[in-house]
Protein chains: 2
Amino acid sequence: MAEVTIQQVAKAAGVSTSTVSNLLNGRAHRMLPETRVRVENTIEQLGYRPNRAARQLRTGRTQTIGLVVPSVGNPFWGSFARQLESAALEEGYHVLLCNSERDPDRERRYIEELWSDGIRGVVLCSSLPSLEHVAPVMQRGLHLVAFDRAAQADDPEALVSISIDNAVGSQLATAHLADLGHRRLAFVSGALGSVNRKDRYRGFANALEQAGLSVDKTILWPGASDWRFGDVESAELGRRAAHELLSSDTPPTGIVAINDMCALGICRGVRDAGLEVGTDVSVVGFDDIVLADLYDPPLTTVRQPMTEMAAAAITELKTRVEAGGPTPGRSLLLRPELVVRSSTSAPRS
Amino acid sequence: MAEVTIQQVAKAAGVSTSTVSNLLNGRAHRMLPETRVRVENTIEQLGYRPNRAARQLRTGRTQTIGLVVPSVGNPFWGSFARQLESAALEEGYHVLLCNSERDPDRERRYIEELWSDGIRGVVLCSSLPSLEHVAPVMQRGLHLVAFDRAAQADDPEALVSISIDNAVGSQLATAHLADLGHRRLAFVSGALGSVNRKDRYRGFANALEQAGLSVDKTILWPGASDWRFGDVESAELGRRAAHELLSSDTPPTGIVAINDMCALGICRGVRDAGLEVGTDVSVVGFDDIVLADLYDPPLTTVRQPMTEMAAAAITELKTRVEAGGPTPGRSLLLRPELVVRSSTSAPRS
DNA sequence: GTGGTCTGGTGTAACGATGTACCGAAGATA
DNA sequence: TATCTTCGGTACATCGTTACACCAGACCAC
């Protein structure tokens with residue numbers, strides 16, 4: 001039951017704790033090769049593993065980072081969480097999981113709790129437009145990477161943003177529909193609360209303009225203040241939007257969704273209306289979740305380079321946390337990629 | 001940058017650290033009400049938060065539990081992770097996330113690492129038939145809850161199992177098809193490596209027997225040794241299985257899938273063959289992931305009472321960890337529920 | 001022989017919280 | 001008056017690790 005301590009190792013190897021500690025902390029050159037081997041063997045034999053709490057107490061450093069997502073139940077975040085944890089493990093870090101449920105207050109409480117747990121690096125996937133609620137903790141020294149949210153002018157200085165260029169993404173999606181010959185396009189989203197959503201809408205509008213089209217068919221869900229975007233709600237929203245759109249006099253032939261879950265809901269709504277996705281109505285999603293390719297028809301969507309982004313998040317966090325002091329923030333804006341599958345095609349003439 | 005310590009609080013409040021500690025640890029009755037208020041105010045004003053590492057070092061207890069899942073990228077596990085984290089938070093626990101990627105060795109390494117992190121409670125979602133690889137750590141005092149895997153005779157004594165009755169679940173699914181009039185049924189799975197899968201197959205076979213049918217149409221993927229079950233692979237397997245099944249002389253009219261991802265793949269395969277799901281071929285899944293209801297057609301599937309199971313996992317872990325000593329294991333076998341949607345109907349006559 | 005540098009170590013004071021053992025004063029008991 | 005309790009509170013050793021400060025001996029140069 002009692003764990004092996006560094007003292008026991010030291011005694012068994014006939015050296016001081018300092019020597020064991022030195023070996024453990026990359027100062028092996030300070031001892032004779034034979035001493036080193038002896039200590040290494042002892043560690044192995046006794047099955048010694050350093051106590052993290054003691055180490056953390058002493059050094060003030062943890063090998064744990066925090067991850068705050070709206071909900072890992074959402075396939076997009078689940079997938080990201082997996083990639084991030086993988087990348088973290090490569091660097092010897094563990095990941096503490098927090099689901100904010102899109103509750104700003106809960107988000108803030110999580111961050112503060114993580115801080116008082118001694119965690120100095122957090123990946124925050126916030127849906128809030130402003131990040132000022134975390135500024136105080138950042139000033140105290142918390143290193144924060146905002147994921148899936150482009151940098152904003154009023155962001156805290158030290159903030160690192162990692163995101164795709166959302167405007168470019170939806171511009172790609174929209175242009176794809178326009179190129180196929182669609183002239184009546186709609187954009188389905190909830191309220192444009194997050195930076196992310198605003199950017200995607202902007203891309204949509206830009207593409208329309210470039211194609212010489214008007215924006216009048218845009219559907220933005222009114223977004224009642226008590227409307228919670230859960231995993232399912234987002235799809236339900238898409239479904240309802242589809243119903244509404246398709247019952248108009250001049251229904252759109254192409255629909256750009258704020259994300260894949262929403263797109264899936266739209267597809268369902270299209271079928272409800274007795275129409276076929278990919279032929280009668282083209283739908284394009286965003287995120288390329290696992291199920292986009294699995295769906296029927298396979299969904300045309302905008303892919304985020306997740307693996308790369310997860311790795312970047314860890315790298316940024318690691319270097320900053322290990323440097324210790326305040327480091328100026330910066331932002332990484334990656335290029336999304338349009339994945340054309342079968343949910344889009346030229347409109348019926 | 002420097003955090004407020006208990007000493008600073010004590011000094012500012014004009015008491016000893018013991019008094020502050022007493023207040024913090026439920027021994028408030030040992031002081032005058034006015035002292036108590038004074039200390040409470042000081043804590044508030046200084047924004048004091050106890051250092052977890054120090055506390056853990058001293059007491060040997062953590063407020064963190066470990067969660068080991070095959071991959072949170074899989075919607076089923078993502079959803080479970082979310083529920084578990086929620087339940088944990090209610091009880092004041094944090095969750096450390098680990099993706100085993102179905103690698104036994106990785107699974108073992110995670111468990112050991114969690115142990116040496118001072119974590120004494122872990123929820124393990126293992127796909128391995130035997131859990132003997134974790135027995136040594138359990139003997140050292142790790143409390144383990146095995147999720148989604150019924151108890152086995154040779155399990156470590158202290159193990160707690162929380163699972164639905166998988167045999168009953170697939171029996172429900174299979175009987176549903178039989179009741180609808182299907183006579184040629186198939187069961188699609190990868191290799192029956194896990195307890196879980198074996199149980200589900202058993203339920204399928206039982207139901208067939210009860211309905212007076214034979215099992216000859218069972219498809220069990222050969223399961224090459226290097227076949228990795230990832231999030232997507234499982235669907236791909238379903239698709240291939242559907243191709244194979246439907247190209248036979250006497251194709252099945254009803255298919256029971258090992259899980260929803262697999263079922264989705266099967267649906268895709270059915271369509272590849274020019275048939276329609278729900279009319280030509282009935283498909284029933286397992287797990288009721290978010291997308292089952294969203295799919296087209298909405299998938300008939302077997303639901304696991306996740307929220308309840310997550311809460312039970314936390315409760316078990318909490319009581320055991322806080323009791324400290326070894327506690328005899330036990331197992332919880334919940335009843336699954338068949339959710340009938342549109343992917344199943346009577347066979348074409 | 002004196003001073004300087006290098007090598008291969010060791011001694012020990014922290015890090016911040018906990019909780020047992022103790023303590024003085026006031027009140028109760030006898 | 002002497003003894004026992006209770007109350008309100010404090011002193012301090014301890015958890016396991018780290019890393020700064022130090023040290024003895026070998027070697028070298030002048």
Side-chain angles (χ1 to χ4, degrees), chain A residues 1-40 42-43 46-64 115-120 141 322 324, chain B residues 1-40 42-43 46-64 115-120 141 322 324:
Chain A
M1 190 84 183
E3 286 307 281
V4 182
T5 71
I6 198 171
Q7 281 96 348
Q8 295 173 30
V9 173
K11 186 181 290 182
V15 293
S16 71
T17 60
S18 307
T19 299
V20 182
S21 173
N22 282 336
L23 178 59
L24 257 40
N25 292 281
R27 288 182 289 266
H29 58 277
R30 288 205 199 161
M31 62 199 77
L32 290 175
E34 59 190 72
T35 309
R36 173 186 176 162
V37 169
R38 190 154 33 96
V39 175
E40 280 172 346
T42 312
I43 287 177
L46 269 52
Y48 166 72
R49 309 207 60 168
N51 178 314
R52 287 232 190 186
R55 183 176 267 182
Q56 180 182 341
L57 176 60
R58 184 63 243 256
T59 63
R61 278 175 255 135
T62 330
Q63 290 288 87
T64 302
W115 171 258
S116 86
D117 277 9
I119 288 174
R120 294 299 168 259
E322 284 173 8
Chain B
M1 190 79 185
E3 286 307 279
V4 182
T5 71
I6 199 172
Q7 281 92 349
Q8 295 174 30
V9 173
K11 186 182 288 183
V15 293
S16 71
T17 59
S18 307
T19 299
V20 182
S21 173
N22 283 335
L23 178 60
L24 256 42
N25 292 282
R27 287 181 290 267
H29 57 278
R30 288 205 198 160
M31 62 200 77
L32 289 176
E34 60 191 72
T35 310
R36 172 188 176 159
V37 170
R38 189 154 35 94
V39 176
E40 280 173 346
T42 313
I43 287 176
L46 268 52
Y48 166 72
R49 310 208 58 170
N51 179 314
R52 288 232 190 184
R55 185 176 265 183
Q56 180 181 341
L57 177 60
R58 185 64 241 258
T59 64
R61 277 174 256 136
T62 331
Q63 290 289 88
T64 302
W115 170 260
S116 86
D117 276 10
I119 288 174
R120 294 298 169 259
E322 284 173 8

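In this text, all values refer to a predicted model and were calculated from it rather than measured experimentally. Chain identifiers are assigned alphabetically (A, B, ...) following the order of the sequence lines, protein sequences preceding nucleic acid strands; residue numbering begins at 1 within each chain.
- Under the side-chain contact (heavy atoms from CB on, under 4.5 Å) criterion, A:Thr42 pairs with A:Val9, A:Ala12, A:Ala13, A:Leu46, not counting sequence neighbours.
- Following rounding to the nearest Å, A:Asp117 (CG) and C:dG16 (C1') show an atom-to-atom distance of 14 Å.
- Taking atom CG of A:Leu23 as the reference point, atom P of D:dT17 lies 13 Å away to the nearest angstrom.
- Distance A:Leu57 CG to D:dT14 P: 17 Å, rounded to the nearest Å.
- Remark: A:Ser21 engages A:Ile6, A:Asn25, A:Arg27 in a side-chain contact (heavy atoms from CB on, under 4.5 Å) (not counting sequence neighbours).
- Residue B:Thr19 is classed as a base contact, given a heavy-atom separation below 4.0 Å to a base.
- Note on B:Val20: nothing from the nucleic acid sits closer than 4.0 angstrom, heavy atoms only.
- Per the geometry, CD1 belonging to B:Ile6 stands 12 Å off P belonging to D:dT10, to the nearest Å.
- Within the 4.5 Å cutoff, side-chain heavy atoms of A:Leu24 are placed close to those of A:Tyr48.
- Where B:Met31 and B:Ala54 each meet DNA chain D at their nearest nucleotide, the meeting point lying more 5' is that of B:Met31.
- In this structure, B:Gln8 has no side chain to side chain donor-acceptor pair (under 3.5 Å) partners at least two apart in sequence or on a different chain.
- Residue pairs meeting the salt bridge (charged side-chain N to carboxylate O under 4.0 Å, His left out) criterion with at least one member in residues 46-55 of chain B, sequence neighbours excluded: A:Glu113-B:Arg52, A:Asp117-B:Arg52.
- At whole-Å resolution of the value, CZ in A:Arg55 and C1' in C:dG16 are 18 Å apart.
- Look at NZ on A:Lys11: it is 17 Å from C1' on D:dT17, rounded to the nearest Å.
- With contacts defined as side-chain heavy-atom distances shorter than 4.5 Å, the pair A:Met31/A:Thr19 qualifies.
- The residue A:Leu32 sits close only to the backbone: its heavy atoms come under 4.0 Å of sugar-phosphate atoms, none of a base.
- The NE2-P distance, from B:His29 to D:dG8, rounds to 10 Å in whole Å.
- Taking 4.0 angstrom as the limit, A:Ser16 places a side-chain polar atom (N or O) nearer than this to OP1 or OP2 of C:dT10.
- One atom, CD of A:Gln63, and another, P of D:dT17, lie 15 Å apart when rounded to the nearest Å.
- Of all nucleotides listed (D:dT17, C:dA17, D:dT10), D:dT10 comes nearest to the side chain of B:Val15.
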Between the protein and nucleotides 19-23 of chain D, which nitrogen or oxygen pairs come in under 3.5 angstrom?
residue : atom : partner : partner atom : Å
D:dA19  : OP1  : A:Arg61 : NH2          : 3.3
D:dA19  : OP2  : A:Arg27 : NH2          : 3.4
D:dA19  : N6   : A:Ser18 : OG           : 3.2

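- Using a 4.0 Å heavy-atom distance criterion, B:Gln56 is classed as making no nucleic acid contact.
- Take A:Arg38 and apply the salt bridge (Lys or Arg N to Asp or Glu O under 4.0 Å) test, not counting sequence neighbours, and it matches no residue.
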